[in-house]
Amino acid sequence: VQAQPDPQARTYALVDLGSVFMEAGQLDDAEQTLGLALREELDISARVIAISTMSQIAALRGNRAEFTRHCATLEEIGWHQAPSIIRGQVILDRGVSWARLGEPAKARDILEWALSFGETQRVAKITLDADAAIASLEEGSLGNIDAQARRAARLAADQRVAAVRRHPAS
């Protein structure tokens with residue numbers, strides 16, 4: 001993160017690193033890293049990603065109150081103004097989080113919203129991931145989609161790091 005010459009690039013790197021920590025199951029590190037990022041000036045996309053990731057951490061810990069608080073914060077900052085891929089991911093992650101919190105009916109409703117959103121916005125990743133999450137929810141094995149998501153997140157993070165190293169911000 002410190003290798004980034006631009007303060008904004010360092011902040012974005014913190015958001016990415018927080019997401020990677022969460023996907024790797026290092027929830028304390030993720031929360032600390034995202035907390036640092038949220039103290040900085042962020043555009044709507046980075047702020048939405050950071051807060052959404054914090055909500056997922058709360059769900060992973062089974063903390064419904066904290067999860068709900070982060071969801072309310074997303075509403076307050078206008079998460080719906082973020083680009084469609086981010087909005088779709090927020091909806092999808094919210095559905096998975098409700099499943100983790102033991103609310104399969106609510107999870108299914110939100111995952112179906114994510115599926116519909118992906119289709120109408122033509123965001124194939126969201127459509128495919130929502131469809132897989134719904135199938136996993138029906139099988140009672142929603143955790144399987146999480147393992148796939150962790151692998152995909154690690155790959156995406158590695159690609160972002162490689163891209164930043166090839167083209168550092170000037």
Side-chain angles (χ1 to χ4, degrees), residues 1 4 6-118 120-121 123 125-127 129-130 133-134 136-137 142-143 145-146 148-150 152-154 156-157 160:
V1 173
Q4 299 297 321
D6 174 37
Q8 187 173 22
R10 281 193 294 274
T11 303
Y12 285 116
L14 284 171
V15 172
D16 287 343
L17 184 59
S19 296
V20 170
F21 279 146
M22 184 206 61
E23 295 294 340
Q26 298 175 1
L27 303 183
D28 291 338
D29 292 334
E31 205 166 43
Q32 182 179 12
T33 303
L34 292 164
L36 289 172
L38 287 166
R39 289 186 201 127
E40 303 298 324
E41 186 68 32
L42 293 170
D43 66 20
I44 188 69
S45 295
R47 188 161 296 282
V48 166
I49 292 167
I51 295 168
S52 181
T53 304
M54 294 287 274
S55 75
Q56 292 174 73
I57 292 167
L60 284 165
R61 289 184 167 147
N63 188 333
R64 182 184 302 258
E66 191 72 9
F67 170 75
T68 304
R69 186 179 70 77
H70 288 303
C71 289
T73 301
L74 284 168
E75 293 298 326
E76 290 168 11
I77 68 165
W79 69 275
H80 58 277
Q81 296 172 25
S84 359
I85 184 73
I86 294 171
R87 291 191 324 263
Q89 193 65 50
V90 167
I91 298 165
L92 178 65
D93 293 341
R94 196 173 286 184
V96 171
S97 292
W98 278 115
R100 288 177 177 148
L101 290 167
E103 296 282 351
K106 190 177 276 195
R108 182 170 182 76
D109 288 346
I110 295 173
L111 290 171
E112 287 178 358
W113 175 26
L115 180 63
S116 173
F117 181 90
T120 59
Q121 296 294 312
V123 182
K125 179 190 181 320
I126 300 303
T127 303
D129 289 351
I134 290 167
S136 293
L137 183 66
L142 189 57
I145 188 74
D146 294 335
Q148 293 170 358
R150 279 193 295 277
R154 276 189 232 117
R160 286 192 298 266

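In this chain, numbering begins with 1 at the start of the sequence shown.
- Side-chain contact between I49 and T53: present, with at least one pair of heavy atoms (C-beta onward) separated by less than 4.5 Å.
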Do any side-chain atoms of residues 74-83 form donor-acceptor pairs under 3.5 angstrom with protein atoms, and if so which ones, sequence neighbours left out?
{"unit_1": "E75", "atom_1": "OE2", "unit_2": "W79", "atom_2": "NE1", "d": "2.8"}

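- Qualifying side-chain contact (heavy atoms from CB on, under 4.5 Å) partners for T120, counting only residues two or more places apart in sequence or in other chains: S116.
- Across every non-hydrogen atom of A50 and L38, the tightest pair is CB-CD2, 3.7 Å.
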Please tabulate, for the side chains in residues 54-63, all donor-acceptor contacts under 3.5 angstrom to protein atoms that are two or more places apart in sequence or on a different chain.
{"unit_1": "S55", "atom_1": "OG", "unit_2": "S52", "atom_2": "O", "d": "2.6"}
{"unit_1": "Q56", "atom_1": "NE2", "unit_2": "D93", "atom_2": "OD2", "d": "3.1"}
{"unit_1": "R61", "atom_1": "NH1", "unit_2": "E31", "atom_2": "OE1", "d": "2.7"}
{"unit_1": "R61", "atom_1": "NH1", "unit_2": "E31", "atom_2": "OE2", "d": "3.2"}
{"unit_1": "R61", "atom_1": "NH2", "unit_2": "D28", "atom_2": "OD1", "d": "2.4"}
{"unit_1": "N63", "atom_1": "OD1", "unit_2": "A65", "atom_2": "N", "d": "3.4"}
{"unit_1": "N63", "atom_1": "OD1", "unit_2": "E66", "atom_2": "N", "d": "2.9"}

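- Between S97 and F67, the shortest heavy-atom distance links the atoms CB-CE1, 3.4 Å.
- In this structure, L34 CG and L27 CG are separated by 10.5 Å, a value rounded to the nearest 0.5 Å.
- With sequence neighbours excluded, the residues that form a side chain to side chain donor-acceptor pair (under 3.5 Å) with D43 are Y12.
- Of the possible polar contacts, one joining the T127 side chain to the G118 backbone as a donor-acceptor pair under 3.5 Å is found.
- Of the inter-residue distances, the one linking F117 atom CZ with I110 atom CD1 reads 14.0 Å to the nearest 0.5 angstrom.
- Going from atom NZ of K106 over to atom CG of L101 covers 9.5 Å, rounded to the nearest 0.5 Å.
- Between R87 and V90, every side-chain heavy-atom pair lies at or beyond the 4.5 Å cut-off.
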Run the numbers on V96 and L111 for side-chain contact (heavy atoms from CB on, under 4.5 Å), then give the verdict. CA-CA 7 Å; V96 171; L111 290 171; 4.2 Å; yes

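- When all heavy atoms of H70 and I51 are compared, the pair lying nearest together is O-CG2, 3.5 Å.
- Between the NZ atom of K125 and the CG atom of L92 there is a distance of 7.0 Å, given to the nearest 0.5 Å.
- How far OG1 of T11 is from CD of E41: 9.5 Å, rounded to the nearest 0.5 Å.
- Among residues two or more places apart in sequence or in another chain, the salt bridge (Lys or Arg N to Asp or Glu O under 4.0 Å) test is passed with E103 by R64.
- Considering only residues two or more places apart in sequence or on other chains, R108 meets the salt bridge (Lys or Arg N to Asp or Glu O under 4.0 Å) condition with E112, E138.
- The minimum heavy-atom distance between T33 and G18, with the atom names listed, is CG2-N, 3.7 Å.
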